[in-house]
Participant: 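Below are the structure tokens for one structure; questions will follow.
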Amino acid sequence: MSNRRSTFLRLTSELLANAIGYGKPPVRLSLWADTRELCIRVTDHGPEQPRRLDLGVDADHGRGLTIVDALAHETGITQLPDAPGKTVWARWHLPPQAAEASTRPSVPDPRTPPMP
């Protein structure tokens with residue numbers, strides 16, 4: 001689990017740093033987990049879309065979304081419905097647990113815009 005935890009923390013940091021560095025406030029971080037899935041959503045109110053850059057091997061930055069895409073099971077970008085901005089999300093499917101299914105609510109669909 002520690003390798004998975006480390007990956008999750010790195011990607012959370014990457015998405016949050018991108019929103020703070022390139023988006024506009026307010027920035028919101030949302031995390032969900034149950035026995036089947038783990039999901040990160042980072043929302044900012046900047047009008048620009050995140051973009052993947054085609055970089056050379058010596059570039060110091062600009063690979064964040066490519067890394068997120070490579071390490072998460074699902075990723076996406078959802079436009080905010082009533083204001084400039086977007087939610088960038090990543091989701092992981094967790095391995096089956098030996099314990100019974102959780103009674104907690106399931107992880108919401110990350111493509112659904114966050115509530116204000």
Side-chain angles (χ1 to χ4, degrees):
M1 178 70 164
S2 74
N3 189 27
R4 201 171 319 140
R5 184 178 300 132
S6 175
T7 298
F8 178 73
L9 290 173
R10 276 194 195 111
L11 297 187
T12 301
S13 174
E14 180 63 37
L15 292 178
L16 197 53
N18 284 348
I20 292 168
Y22 300 105
K24 294 199 179 193
V27 173
R28 179 174 38 212
L29 170 65
S30 304
L31 307 170
W32 285 282
D34 64 17
T35 58
R36 297 162 299 188
E37 296 181 312
L38 189 63
C39 182
I40 305 168
R41 292 193 329 183
V42 177
T43 301
D44 76 76
H45 292 269
E48 289 134 15
Q49 289 293 304
R51 54 194 169 111
R52 287 161 189 80
L53 304 174
D54 186 20
L55 302 168
V57 294
D58 294 330
D60 291 334
H61 58 82
R63 294 187 177 87
L65 288 178
T66 302
I67 292 168
V68 171
D69 283 344
L71 296 176
H73 293 124
E74 298 174 62
T75 64
I77 302 166
T78 304
Q79 288 299 123
L80 297 181
D82 53 357
K86 67 272 180 198
T87 297
V88 181
W89 56 268
R91 179 168 30 191
W92 292 264
H93 306 290
L94 300 176
Q97 302 293 318
E100 292 182 19
S102 172
T103 58
R104 291 180 282 176
S106 63
V107 175
D109 186 337
R111 294 169 292 232
T112 304
M115 296 175 63

Participant: side-chain contact (heavy atoms from CB on, under 4.5 Å), that's the test. Do Leu94 and Thr35 meet it? Break it down for me.
Facilitator: CA-CA 7 Å; Leu94 300 176; Thr35 58; over 6 Å; no
Participant: For Leu71, check side-chain contact (heavy atoms from CB on, under 4.5 Å) against everything at least two apart and list the hits.
Facilitator: Thr7, Leu11, Ile67
Participant: Checking side-chain hydrogen bond (donor to acceptor under 3.5 Å, both in side chains) between Lys86 and each of Thr43, Thr78, Asp44, which is the one that passes?
Facilitator: Asp44
Participant: Run the side-chain contact (heavy atoms from CB on, under 4.5 Å) check on Ile40 and Trp89 step by step: do they pass?
Facilitator: CA-CA 5 Å; Ile40 305 168; Trp89 56 268; over 6 Å; no
Participant: Calculate, to the nearest 0.5 Å, the distance between atoms CD1 and CG belonging to Ile20 and Leu16 respectively.
Facilitator: 4.0 Å
Participant: Could you walk me through whether Arg41 and Trp32 pass side-chain contact (heavy atoms from CB on, under 4.5 Å), step by step?
Facilitator: CA-CA 9 Å; Arg41 292 193 329 183; Trp32 285 282; 3.2 Å; yes
Participant: Name all residues meeting the side-chain contact (heavy atoms from CB on, under 4.5 Å) criterion together with Ala90; count only those two or more places apart in sequence or in a different chain, and write none if there are none.
Facilitator: Leu15, Val68, Ala72, Thr75, Trp92
Participant: With a 4.5 Å cut-off on side-chain heavy atoms, are His45 and Pro26 touching?
Facilitator: yes
Participant: Find the distance between CZ (Phe8) and SG (Cys39) and round it off to the nearest 0.5 Å.
Facilitator: 8.5 Å
Participant: Using only heavy-atom distances, determine whether the side chains of Glu37 and His73 contain a donor-acceptor pair under 3.5 Å.
Facilitator: no
